[in-house]
Engineer: 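Starting off with a structure, shown below.
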Amino acid sequence: MLSLCRIAPAAAAELGQSEPEPITKQEITTEPEPESTVEPEVSQSEPKSAAKPETATECLSEQSTEPERESDTSDERMVQVKPTQPPQTPPTATEPDLVSTGAELTNWLEAHQNTGGTAKLTDNIVLDSYYFFCPDAINMPALFVDADCYTITVTEEITFISDAHLTFYGQEQEKGIFYIAKGGLFFLENIAVEGGQNALWQEEGAGLSVKDCRVSGNVHYAKTPFVIRADTDCVLVEKGQTAGDALPGQVQCVVNRQGEVLHNELLPVSWNLEGNKTRQKKRLRFEAQGTSLNAVSKESLSCTVAYHDYPLTFLEVKAIQSLTQCQFRGGYAKPVDVLPIQVATEYSFDGKNWITYDEHMVSNALDAFFMGFETSKFALCEKIRAKTGIPIVFLSGYTQEESRVRGLISG
């Protein structure tokens, strides 16, 4: 088990102490990613998702039926996108490879991304698992996908990136070549879609980003903006405040609107505090669920509510494990008015006997914590967890009798 952060006894005596606050939420994640910037463009923007996409293929389940398009009672937003790249002609000397499922299409793209070729649909297909396509280099042989009279339905996060060497084309049809269903998120960059009357159709409750693409045909955009990501990690409730006082009325979001991805958009949000009355009364950390008032999102907005009743309060903790090392890092709120203070980072494998990792002076409110251990040490933690049922990562609060704020505990 790992424990983080105790205030040195002298500083703790000045700050005062109270009963512990259990902290129940914990995040386990991969390495944090840098925030990317997006150049503003008319009707187009850089695709950006909550998690950094990888180039490896995700296996997609096989489906051959085309779901019915939801009725749209709002005014249709049909846009004719002007071509930005010269058209390419598919080869006619060889027979195309036939594909009938989403998995077959993505497997074909992976196998031919560096060699080129032509594939032809023999049925309506569904892309319903995360997939990211981008060739290994520029100016690779061209790829063509003949949709014929069929539709490719997108129900998950799908990305197609090329350098004008990937073309989808097909016959004229009502839903277009690509139909982005509710809950789907589709990023297109520098590819060609030639679909006759309708090329792309974005349903309400879905996301569609089109950047530097050559599109022949109409693009139907959803009327309501789609929230790709919301920055609602944690809010602090100070002494004398309630959760309702601390939760923000607006949330900064990454939003998809009319083919563009817009960063740092402020959207009004409504929070539901029902179901957490007991934790609010005891001033214990909980998760608040919210709903955007002017946009839709695939999942409800979530925000951690933490009560800042103790000298140190955790804001976030990240656990990162590699083949040789486990690292724990994150941020915590501090008593800014009495900085600098001496803080000790501690860990334990049984929750009772604590070992000091380091002690240092904290003089900046933004200072974070860090601990790193050899992975082999956590074999004991796994055994303890299996026998006792203790969560592999959890947080505990301030312990008055030991004059410490205990944080990250893993066991």
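In this text the structure is predicted, and so the values were computed from the model without any measurement.
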Engineer: Are L208 and V219 close enough that some pair of their side-chain heavy atoms sits under 4.5 Å apart?
Structural biologist: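 Yes, their side chains come closer than 4.5 Å.
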
Engineer: I'd like to know whether V362 forms a side chain to side chain contact (heavy atoms under 4.5 Å, CB included) with L339, so could you lay out the CA-CA distance, the side-chain angles of the two residues, the decisive distance to 0.1 Å, and finally the verdict.
Structural biologist: CA-CA 7 Å; V362 174; L339 292 180; 4.3 Å; yes

Engineer: Between M140 and I138, does a side chain to side chain contact (heavy atoms under 4.5 Å, CB included) hold up when you go through it step by step?
Structural biologist: CA-CA 6 Å; M140 304 303 289; I138 62 174; over 6 Å; no

Engineer: Does this structure show an ion pair linking E287 with R279, if we count only N-O contacts that are shorter than 4.0 Å?
Structural biologist: no

Engineer: Relative to each other, are the rings of F369 and F314 parallel, tilted or perpendicular (30° and 60° limits)?
Structural biologist: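 Because their plane-to-plane angle is over 60°, the rings of F369 and F314 count as perpendicular.
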
Engineer: Just say parallel, tilted or perpendicular for the rings of F133 and F160, cut-offs at 30° and 60°.
Structural biologist: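 Judged by the thresholds at 30° and 60°, the geometry between F133 and F160 is perpendicular.
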
Engineer: For I228 and N256, work out which heavy atoms get closest and say how close.
Structural biologist: CD1-CB, 4.0 Å

Engineer: What's the verdict on side-chain hydrogen bond (donor to acceptor under 3.5 Å, both in side chains) for Y131 and E110, showing C-alpha distance, side-chain angles and the deciding distance?
Structural biologist: CA-CA 11 Å; Y131 179 69; E110 292 298 311; 2.8 Å; yes

Engineer: Could you tell me if the side chain of E156 sits less than 4.5 Å from the side chain of K298, heavy atoms only?
Structural biologist: yes

Engineer: Taking side chain as C-beta onward, heavy atoms only, is E203 less than 4.5 Å from I180?
Structural biologist: no

Engineer: Apply side-chain hydrogen bond (donor to acceptor under 3.5 Å, both in side chains) to the pair S162 and N190, showing each step before the final yes or no.
Structural biologist: CA-CA 5 Å; S162 181; N190 213 354; over 6 Å; no

Engineer: Applying ring-ring contact (aromatic ring centres under 6.0 Å, His included), run through F328 and F370 and close with a yes or a no.
Structural biologist: CA-CA 6 Å; F328 300 88; F370 171 82; 9.1 Å; no

Engineer: Could you check if a side-chain atom of V227 sits within less than 4.5 angstrom of a side-chain atom of L267, using non-hydrogen atoms only?
Structural biologist: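 With C-beta onward as the side chain, the pair touches.
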
Engineer: Under the criterion side-chain contact (heavy atoms from CB on, under 4.5 Å), which of N198, L200, D146, V193 is the partner of I177?
Structural biologist: V193

Engineer: Please tell me if the side chains of R283 and D309 come closer than 4.5 Å, counting only heavy atoms from C-beta onward.
Structural biologist: yes

Engineer: Can you tell if the side chain of K211 reaches within under 4.5 Å of the side chain of L188, non-hydrogen atoms only?
Structural biologist: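 Contact flag for K211/L188 side chains = no.
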
Engineer: Walk me through it: do N107 and L109 pass the test side chain to side chain contact (heavy atoms under 4.5 Å, CB included)?
Structural biologist: CA-CA 5 Å; N107 289 338; L109 288 171; over 6 Å; no

Engineer: Is the NZ or CZ atom of K334 both under 6.0 Å from the centre of the six-membered ring of Y332 and within 45° of that ring's axis?
Structural biologist: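 The answer is yes; both the distance and angle limits are met.
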
